[in-house]
Structures are given as C-alpha cells and as structure tokens.
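This report concerns only the one structure given below.
Scope of the values below: all heavy atoms of this structure, side chains included, with no hydrogens, waters or symmetry mates. So you know, we letter chains A, B, ... as the sequences are listed, proteins then strands, and number each from 1.
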Amino acid sequence: MSGSYLQDLTPAQSAAVSHVDGPLLVLAGPGSGKTRVVTRRIAHLLQQGIFGDEIVALTFTNKAADEMRQRLETQGASQGVWLSTFHRFCAHVLREHASWVGLEPNFTIYDTENSHKTLRRVIDESDVPCRQTSPEQLARAISQAKNDLITYQEYADQAHGVLGKIVSEIYPSYQQRLLACNAVDFDDLLLLVAGILRDHSELRESLDERYRYILVDEYQDTNRAQYCIVRALSVKHPNLAVTGDPDQSIYGWRGASLDNILDFEKDFPNAHVVRLEMNYRSTKRILHVADSLIANNKRRLEKSLYTDNKDGARVDLTLYPNQTDEADSIAARIAADIASGARRPRDFAVFFRVNALSRTLEKAFSDQAIPYQIIRGVEFYQRAEIKDVLAHLQLLNNPRDNVALLRVINRPPRGIGKTTIQKLSEHANQHGISLFEAARRCGTIASISKRLAVKVAKFVALIDLIAESAEAPIEEIIGNVLSHSAYRDLLVESDAKEDEERLANIEELLTAARQFDEQNPGSGHLEEYLEQVALVNDTDDWEDETDRVTLMTMHAAKGLEFPVVFIVAVEHGILPHERSRNDPDQLEEERRLMFVGITRAMEELALCYVHHRDYRGIRRRAVPSAFLMELPRDKMRLTNQMEYQQIDPADESSWRPAASKSARSSGLSTLPTGTVMTAADLLRRHTEISLEAANTEPAMPEHLVDKDVSEETHTKDSGKQPCSNDDSLNHATDPNAFVIGMIVSHPEHGLGKVIALSGSTTRRIATIQFFQGRKQRTFHLATSPLTSVSSPS
DNA sequence: ATTCGCAAAGTTTTT
DNA sequence: CTTTGCGAAT
C-alpha cells in the first residue's frame with residue numbers, strides 16, 4: 001500500500017521512505033533530497049498506524065528542526081511527532097528528573113559566555129598553577145571530556161600530562177560551581193541525560209518504550225554523548241533511523257565522532273543501508289570536481305555521486321596577484337552579471353575558511369555598491385544589551401544564578417563595585433548560600449558599610465519588584481526590567497550611536513518576546529522562554545528576505561545552496577588550515593570542508609587563490625593548497641591573472657619559491673595522505689606534481705608550473721604579452737575575442753584590463769579595471785568604444 | 001569606577 | 001592588521 005508520497009521518488013529514496021522497523025542508515029550525498037526523504041518517511045510511519053508521539057526526530061540545529069516541521073505540516077502529518085534539537089530534547093528530559101543529578105527543575109542553561117565566566121571564577125579562586133594554560137584551553141578540555149562522556153568524578157583516572165592534571169583539579173570545581181548556581185552548560189544537557197539513562201534503567205526502559213521510532217539527522221556530527229543517548233533509546237525498539245554523510249562531517253573539533261556513522265553497520269548488524277547518490281543540485285562538472293577531491297579521503301563510506309543535471313560551465317580556478325585583485329575581480333564579475341540581468345545578488349555566495357578573510361571582500365563589494373550580507377558567528381542573543389536584559393529574567397527564574405546576578409548587579413551603574421562583590425562572595429561561600437541570598441542579607445554582613453548596604457538593598461528591592469510580574473507575559477516582564485532598572489533611560493539619554501543601536505536591539509527583543517507570548521498564551525512561561533532563548537540562535541533567519549550576495553565561512557554554508565559559489569584563498573595554511581596540518585584526521589576534515597563548500601554550488605563554481613596574501617599584518621607568499629592538486633584541472637578553466645599585473649621588480653625576488661632546485665632533486669615523490677608535512681615539503685610536492693602534470697598536459701597554465709623553471713619566460717611575458725597561455729579555452733567561448741586579462745583601451749579612461757566577462761552576443765558585458773585611478777567600469781561590448789591593445793597570440 | 005593604553009594572540013562555532 | 005584582555009591611571 002503505497003501512498004502518493006512514494007510516487008515521485010527514486011528507488012533508493014523509496015526504499016528509505018518505506019522502511020519501517022529495524023535500524024536504518026541513510027547515506028545521503030549533498031543535494032540528494034535528504035530532508036524530503038526523512039519527512040516522507042515520517043508521513044509513511046504515521047500512515048502505517050504508528051502514533052506521532054511514538055516518533056522522535058532529532059536534529060542539530062533549530063533551523064533543521066523547523067524546516068522539517070514545516071515540511072511535515074504541509075504534508076499534514078506532524079501530529080504529535082517530537083521534533084527538536086538534541087539539546088532541547090535533553091533539556092526536557094532533564095527538567096523532569098533534575099533532582100537525580102542535584103539540580104532543581106528551574107535550572108539555567110548557560111551559554112558559552114556564561115560557562116566561561118564561571119570557569120574563569122573557578123580558576124581565579126583555585127590555587128592550581130595554571131599560568132601555562134589558558135582558560136580557553138581548559139574550557140576546551142572540559143568540553144571535550146563531557147562530549148566523550150567523562151564525568152568530573154572519572155576524569156582524574158584517565159588524565160595524563162600537565163594539562164590533564166590541571167583539568168583534574170578544575171573540572172570538578174567547575175561542575176560544583178555550576179551545581180551551586182543551579183545551572184548547566186550545553187554539554188551537560190547531553191552528558192547528564194546520557195548518565196541518567198545509564199543509571200536509571202526504569203527511565204531508560206520507559207523512554208525506549210515511549211519513543212519507539214527514533215530519527216537522527218546529520219548523524220555524522222554526533223558525539224559520544226549523543227550516540228549513547230540514541231542507543232539507550234533503541235534497545236527494545238531498535239527502530240533507529242539515522243541520516244548523514246561522512247563526507248560532510250566538519251565538526252570533529254567540536255567533539256563529533258565520525259566513527260558513529262562509520263560503525264553504524266557494526267553497531268546494528270542487521271541495519272538496512274540506503275545510499276542516496278543522485279544529486280539534484282549541481283551540474284555534472286561541479287559534482288565531478290567535488291567527487292575527485294573527496295576521493296582522496298580514507299575515512300569514508302563508499303558512495304558515488306550522480307546527477308542528471310547538465311554539464312554546466314567549467315569550474316574556474318583562478319590565480320590572482322593578491323587578495324585585493326581577488327576580491328575586486330569577484331565583485332566585478334558579480335556586478336557584471338547583475339548589470340546584465342543574468343543574475344540577482346542573492347544568487348551568489350562567497351565562502352572563506354576564516355572570518356578574517358572577509359574584510360577585503362567587504363571592501364570590494366562596498367566599493368562597487370553590491371549589496372551583501374555577512375553571516376557571522378555573533379548572534380543577536382549574544383549582544384551585551386540583550387544579555388543584560390535577559391540576565392534579569394534569569395535571576396527571577398533561578399535566584400541561585402550567580403552569573404546572572406554578577407551581570408546585572410551594577411548595570412546600570414549603582415556604585416556596587418568589585419570590593420563589595422568580593423565581600424558578598426565571601427559571605428556566600430562561607431554560609432553556602434547564593435550571591436543573591438547574600439545580597440539580601442547584606443545589612444547583616446559586618447564588612448559591608450551601611451552606605452553600600454543601602455545600595456545593595458535597593459538592588460534586591462528592584463529584583464523583588466520585577467519578580468512580582470514573573471508570571472506575566474514575557475513582554476511585560478522585560479518591559480518592567482527596562483523601566484524599573486532605568487536601563488532604557490540610560491540608553492535613551494546617551495547620544496552615542498552605539499547606544500542607539502542597542503536600543504533598537506532591545507526593541508527587537510521586545511518584538512520577539514511578543515511573538516513568544518502569542519504562541520504561548522497564558523501565564524508562567526518564563527522558564528520556557530529562557531530555555532528557548534538559550535537554545536535558539538537567530539542566525540537561522542538570514543536568507544531569502546533580502547536580495548544580497550552572501551559572504552560566509554564554509555562551516556556556515558553547510559546545508560545551503562547557491563547558483564554561483566566562489567571559494568577564496570584555497571591556499572596552504574588556510575585551506576587546509578595550518579592548525580590541521582599535523583593530524584591526518586584533521587586534514588581529511590579540511591578536505592571535507594572544501595567538499596561541503598564545492599557542493600553548495602548549483603550552476604557555477606569558482607575557486608581562487610593568490611600569489612601574495614596579506615594576512616595578520618604581514619605579506620607572505622601564498623602556496624596553492626594541496627587540495628588543488630587533487631582536482632581534475634584538465635577539465636577546469638584555469639586562469640592566470642598574474643601576467644597582466646605590472647611587476648614590481650623589487651617584489652619579484654620574493655616570487656621565487658622557497659624550495660631550491662637542489663631540494664627538488666632530492667627526489668620526493670608522492671607523500672602518503674596524512675604524513676606530517678612541512679611547508680617546504682608541500683611546496684616541493686606541489687612543484688613536482690605540477691611539473692608532472694605539465695609534462696603530460698601541454699596546456700597546463702604556467703601558474704601551476706614551478707616558478708624556478710618558468711621564471712625567465714614568466715618575467716619576459718609579463719606586462720609585454722598579456723595574453724592567456726591557455727587561450728584555447730577562452731577562444732572557444734568568445735566570439736568577440738575579448739578574454740579575461742586582456743589589455744584594452746578606452747578613449748576616455750585609457751588603458752585597462754578585462755577582469756570579467758558575462759552575457760553573450762549583443763548583451764555581452766565586460767568589466768574593465770583601468771590603470772588610471774583604479775577605476776572599474778562595465779561595458780556592453782557591442783556598443784562600447786573599447787579597442788583591444790593586445791590580442792591573444 | 002570607568003577609561004586608556006599596551007601587550008599578545010589570532011580556525012571553524014549546530015547548542 | 002585586528003581584536004581582546006589585563007593592568008594602571010584619573
């Protein structure tokens with residue numbers, strides 16, 4: 001009995017959708033319609049008579065959960081299905097059984113900033129010698145331990161080394177401090193629930209029974225804690241369906257364990273495995289490039305990628321002299337495509353490995369008046385003013401939340417300073433009470449002067465006053481915070497424009513609160529609201545709304561798609577990142593990251609790298625990424641924009657590669673993946689591969705050939721003969737004989753070079769970078785007075 | 001108790 | 001080149 005939802009599916013998709021009982025592994029390549037399959041399968045389960053409340057679907061992001069919910073609703077089949085993120089699911093379980101781990105049900109969920117603050121305090125107050133180790137390092141170590149399900153009681157047993165010793169001291173103190181605040185951090189949500197499920201078999205059994213069908217999205221990103229939770233719920237009813245793609249695992253550094261998905265078939269020997277290999281997103285050429293790259297990874301499950309889409313344009317690989325040219329050229333190409341009407345701004349995305357690389361791009365986009373948006377890690381709920389307001393609410397909900405109290409006790413300034421807080425803190429520690437409780441008793445604390453005691457008492461009275469409305473709608477509570485604390489007045493009266501922005505953010509918070517109130521009518525939703533803001537981030541609503549070019553890291557790009565994608569700085573030390581170079585597994589993760597970036601592209605993909613890059617204040621010679629050597633370069637469009645650069649003789653010496661001829665002759669063939677490579681090694685390797693390629697492929701552009709060998713011709717050519725050495729490619733596609741990089745003349749603007757071309761026949765448009773005044777203009781070739789100064793040889 | 005200045009460090013960030 | 005954190009100064 002197959003419903004309509006089985007009809008327009010491929011056999012593989014259909015197999016996944018109609019699977020009901022027993023473990024299921026869906027290996028879903030990029031753009032393979034995974035979400036569609038998952039939601040249809042849920043619809044199918046419901047149609048089989050399974051109740052919605054027996055099904056739980058777990059995702060990593062709210063965005064994914066929302067999307068799934070939306071799709072289910074359009075199929076009219078979300079009834080009772082528990083659809084949420086791992087963390088939210090765990091928060092709910094934990095609220096019901098908080099006392100088992102020494103918490104009260106109104107515990108606060110600390111975000112990263114708050115947990116770091118707590119950790120800081122622990123470190124400061126401990127006498128553990130940790131000058132060598134940074135708080136961040138300790139935080140990472142603790143987080144990692146939690147992800148691996150190592151509790152503070154167990155940590156010391158397996159600790160080793162100096163860091164291990166320090167963590168053994170700090171981790172328990174940190175945990176006790178959280179407990180004292182009746183708070184948990186993100187990792188605790190998972191760790192504590194995993195622990196509860198392990199230690200309380202009756203609860204485990206009842207949840208196993210209750211959630212008979214479990215679905216996990218992005219299974220390749222699960223960590224050990226998540227793995228244990230999911231397994232614990234799938235003992236009696238092992239109807240565990242996981243979807244994921246080992247090739248898209250890019251969060252190993254956050255504790256994700258690739259083994260979970262790689263070993264799924266071992267964990268569940270009778271698992272049904274479905275491979276979704278048909279790609280509906282990208283052109284054949286883009287997919288081929290992606291496939292060639294990822295084939296170099298060892299830790300993966302065999303999977304081929306197919307598409308019925310057209311071949312599409314060749315994938316671009318372009319070398320620029322420096323990042324300014326890189327950025328300008330990208331911006332110019334985008335501007336030209338927009339000007340010609342071929343594309344809209346929202347069709348484009350530019351990806352980079354590190355946020356620091358966005359600056360040059362931003363400048364280029366703003367210079368050319370191209371609308372763009374940057375997706376950054378900083379979120380709305382991370383802003384100081386928002387957190388200030390919310391901290392009041394947190395304190396109402398959980399008076400033991402010391403971090404919240406410390407945040408608001410002197411904001412706006414009330415003259416309660418460090419020394420007073422120190423005294424309160426001492427008193428609290430001595431009597432085993434919270435800071436707020438100590439503040440309440442400040443009149444009886446001998447060390448606190450009358451004067452200050454009055455100030456503190458005023459603060460306590462303020463919180464008590466706001467607390468009277470704790471059961472009210474959220475908007476009202478926040479309103480009371482703003483008016484009673486004079487926080488709003490402070491911002492209104494200030495004439496700094498930052499404060500204007502802060503005020504606007506607070507208005508936005510109020511609007512969001514009103515929306516929450518509408519969705520949760522009635523009173524007493526404070527705890528729910530706080531959980532929502534703790535576990536929801538708002539980077540989720542970037543897209544669609546606006547017609548802009550998107551700039552973001554490749555991590556942020558996961559799950560998205562764009563018609564045209566640029567990836568900049570495909571260079572050694574950036575992609576792969578230098579911090580990953582010593583670890584084979586990390587190197588593979590970097591490759592996966594690039595794979596993710598490439599597979600976001602639907603129609604056009606351009607990879608870029610430069611000759612020199614200014615990074616962290618210094619200019620250094622950029623080495624092409626080793627990943628570039630793994631691409632099918634013979635099937636790509638290689639462009640070398642170096643030749644058209646006016647060469648600064650002073651600069652030229654630095655063009656020589658670090659590897660000398662003698663070094664090269666030392667005979668280094670291919671390095672096995674994952675060996676430790678120095679920069680020099682890599683350069684040598686690059687050189688050799690390039691030479692090898694050059695020998696077998698006469699059309700290989702010069703920029704992939706060792707500069708030592710080609711330097712003579714290179715220098716001679718440059719400036720004088722600015723024609724492509726790979727012009728066969730350009731000729732074929734260009735009836736007008738204009739090619740990128742060509743030098744042209746304009747009666748008004750003088751000489752310039754072609755940096756972008758788009759459109760065809762009469763609508764063909766060229767973007768010219770003029771040498772005078774660094775001007776950039778676009779022209780319709782059919783009507784412009786442009787003449788070519790140099791023609792391709 | 002804020003503010004200024006210098007030193008140091010510098011991936012990625014679903015919750 | 002940035003940002004960020006900490007210490008000293010007003």
Side-chain angles (χ1 to χ4, degrees), chain A residues 58-67 84-91 109-116 120 124 134-137 139-140 143 146-147 184-191 217-223 225-226 244 248-256 323 351-360 363 375-379 381-382 410-421 531-540 552-560 569 573-581 586 589-590 592-594 596-597 613-620:
Chain A
L58 299 173
T59 63
F60 278 81
T61 65
N62 294 293
K63 189 176 159 187
D66 290 343
E67 189 183 339
S84 81
T85 64
F86 265 102
H87 287 80
R88 202 187 261 268
F89 175 79
C90 289
I109 300 167
Y110 278 174
D111 66 8
T112 315
E113 188 188 334
N114 284 352
S115 56
H116 278 203
R120 265 274 161 72
D124 288 346
S134 65
E136 289 72 31
Q137 202 177 354
R140 254 206 317 278
S143 176
K146 288 181 173 180
N147 288 161
V184 297
D185 63 23
F186 287 140
D187 299 323
D188 285 335
L189 289 173
L190 306 175
L191 174 79
D217 197 25
E218 306 281 18
Y219 191 67
Q220 78 280 355
D221 289 334
T222 50
N223 61 33
Q226 286 155 332
Q248 292 183 71
S249 167
I250 54 175
Y251 286 103
W253 51 275
R254 271 183 116 256
Q323 76 263 43
F351 301 154
F352 31 81
R353 174 66 237 263
V354 295
N355 282 307
L357 294 170
S358 72
R359 206 167 217 94
T360 327
K363 193 187 175 309
I375 310 301
R376 273 198 227 85
V378 288
E379 302 133 21
Y381 288 102
Q382 295 274 71
N410 198 32
R411 197 162 326 179
R414 306 184 166 86
I416 302 171
K418 223 174 192 170
T419 44
T420 312
I421 287 167
E531 181 176 310
Q532 166 126 340
V533 296
L535 296 179
V536 172
N537 82 11
D538 75 325
T539 45
D540 300 353
M552 62 170 119
T553 64
M554 275 174 277
H555 282 92
K558 191 173 158 191
L560 305 176
I574 294 176
L575 182 65
H577 195 274
E578 58 183 330
R579 299 264 270 245
S580 303
R581 110 190 101 147
Q586 283 185 46
E589 181 152 314
E590 296 285 315
R592 291 192 292 268
L593 188 57
M594 183 161 167
V596 166
R613 185 172 295 275
D614 294 332
Y615 189 51
R616 289 192 192 160
I618 47 167
R619 161 166 296 200
R620 65 184 83 187

query = What integer distance in Å separates A/Asp111:CG from B/dT14:C1'?
reply = 15 Å
task = Starting from P on B/dT14, measure out to CG on A/Asp66 and report it in whole angstrom.
result = 15 Å
Closest heavy-atom pair and its distance - A/Ala64, A/Asp217 = CB-OD2, 4.4 Å
note = Note: A/His555 and A/Leu593 closest approach over all heavy atoms is CE1-CD2, 3.5 Å
Could you tell me whether [X] contacts a base, only the sugar-phosphate backbone, or nothing, with contacts defined as non-hydrogen atoms closer than 4.0 Å?
X	value
A/Leu575	nothing
A/Arg353	base
A/Asp614	nothing
A/Arg140	nothing
A/Tyr251	base

key: Under-3.5 Å donor-acceptor pair between A/Arg359 side chain and C/dT2 base   = no
Are any of [X]'s side-chain N or O atoms less than 4.0 Å away from OP1 or OP2 of [N]?
X	N	result
A/Thr61	B/dT15	no
A/Arg120	C/dC6	yes
A/Asn355	B/dT13	yes
A/Arg616	B/dA8	no
A/Asn62	B/dT15	yes

inquiry  = Using atom P in both nucleotides, what's the gap between B/dT13 and C/dT4 to the nearest angstrom?
reply    = 14 Å
key: Aro-ring/base stack A/Trp253-B/dT12, d under 5.5 Å, angle under 30°   = yes
query = Are A/His87 and B/dT15 stacked, counting the six-membered base ring, centres under 5.5 Å, planes under 30°?
reply = no
The side chain of [X] is closest to which nucleotide in this list: [options]?
X	options	value
A/Asn410	B/dT15, B/dT11, B/dT2	B/dT2
A/Arg579	C/dT2, B/dT15, B/dT11	B/dT11
A/Phe60	B/dT11, B/dT13, B/dT14	B/dT14

Ignoring hydrogens and geometry, is there a side-chain-to-backbone donor-acceptor pair from [X] to [Y] under 3.5 Å?
X	Y	answer
A/Gln226	A/Leu190	no
A/Glu590	A/His577	yes
A/Asn114	A/Asp111	no

